Amino acid sequence: MKNMVEPTEENILAGDHLFNSTAKPIPCIICHGIEGDGIGLIFQGIKPYARNFTCYQSMKKISDGQLFWIIKNGSHGTQMPGFTKLEDKQIWQLILYIRGLTY
Ligand code: HEC
């Protein structure tokens, strides 16, 4: 599975907006933290901790297709919820944003 959404500024900003404020039921930032480092407001309350998207070593092993599936369906056995109400395009925008957090 490939990201069909172009990495334009507009799409990355749309992903930023979803991640930090508008995604339902809860914006990603609450668990994944500012800049996606996994240190969200409630990070100590969840096990395993939310994924650290800034870690290149772990992110490079995860395909776009896998990211897409987890955002849509959630991650079984963790507190990662499925974001079933997002449109596919919005999920790809989130993935563009998340990839941009990695260093
Ligand atoms: C209630 C807390 C919570 C919220 C809200 C949340 N996540 Fe997660 N997320 C987690 C946890 C916990 C994991 C599991 C970490 C793991 O498997 O290592 C996870 C895993 C993931 C993964 C899988 C990474 C991997 O290792 O394969 C992705 C991608 C992801 N989250 C993206 C998002 C996005 C995008 C949003 C917002 C639309 C979001 N998450 C919202 C807690 C959350």
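Side-chain atoms are counted along with the backbone in the values below, which use heavy atoms only and exclude waters and symmetry mates. Read the numbers this way: they start at 1 and go in the same order the structure lists the ligands and their atoms. The first residue of the sequence shown is numbered 1, and numbering continues consecutively from there. Remember, it's a predicted structure, so these values are computed and weren't measured experimentally.
- Rounded to the nearest 0.5 angstrom, Trp92 CH2 and Glu6 CD are separated by 13.0 Å.
- One finds the CD atom of Gln93 at 11.0 Å from the CG atom of Asp88 (value rounded to the nearest 0.5 Å).
- Closest protein heavy atom to atom 15 (C) of ligand 1: Tyr49 O, 3.3 Å.
- Near Gln79, meaning under 4.0 Å from one of its heavy atoms, ligand 1 places the atoms 1 (C), 2 (C), 12 (C).
- Relative to atom 27 (O) of ligand 1, the option among Ile70, Leu67, Asp64, Leu86 with the closest non-hydrogen atom is Ile70.
- Between Arg51 and ligand 1, at least one N/O pair is under 3.5 Å apart.
- Contact atoms of ligand 1 toward Thr78: 13 (C), 14 (C) (distance under 4.0 Å to a heavy atom of the residue).
- Between atom 13 (C) of ligand 1 and the options Gln66, Gln93, Met80, the minimum heavy-atom separation is to Met80.
- For Ile98, every heavy-atom contact with ligand 1 shorter than 4.0 Å involves the side chain, none the backbone.
- For His32, a nitrogen or oxygen atom sits less than 3.5 Å from a nitrogen or oxygen atom of ligand 1, counting backbone and side chain alike.
- Using a 4.0 Å cut-off between heavy atoms, Phe53 contacts ligand 1 through its side chain alone, with no backbone atom that close.
- Interatomic distance, NZ of Lys24 versus CG of Leu18, reported as 10.0 Å (0.5 Å rounding).
- Scanning all protein heavy atoms for the shortest distance to atom 12 (C) of ligand 1 gives Pro48 O, 3.4 Å.
- Only the side chain of Pro81 comes within 4.0 Å of ligand 1, judged by heavy-atom distances.
- Ring planes of Phe19 and Tyr97: tilted class, angle from 30 to 60°.
- Proximity annotation for atom 38 (C) of ligand 1: of Pro27, Ala23, Cys28, Cys28 comes nearest, heavy atoms only.
- The main-chain N or O of Leu101 is never found under 3.5 Å from a side-chain atom of Thr54 such that the two would form a donor-acceptor pair.
- Within ligand 1, counting atoms from 1 as listed, the ones closer than 4.0 Å to a heavy atom of Cys31 are 1 (C), 2 (C), 3 (C), 4 (C), 5 (C), 42 (C), 43 (C).
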I would like to know whether Leu67 and Met59 meet side-chain contact (heavy atoms from CB on, under 4.5 Å); could you show each step before the answer?
-> CA-CA 10 Å; Leu67 293 175; Met59 289 306 288; 4.1 Å; yes
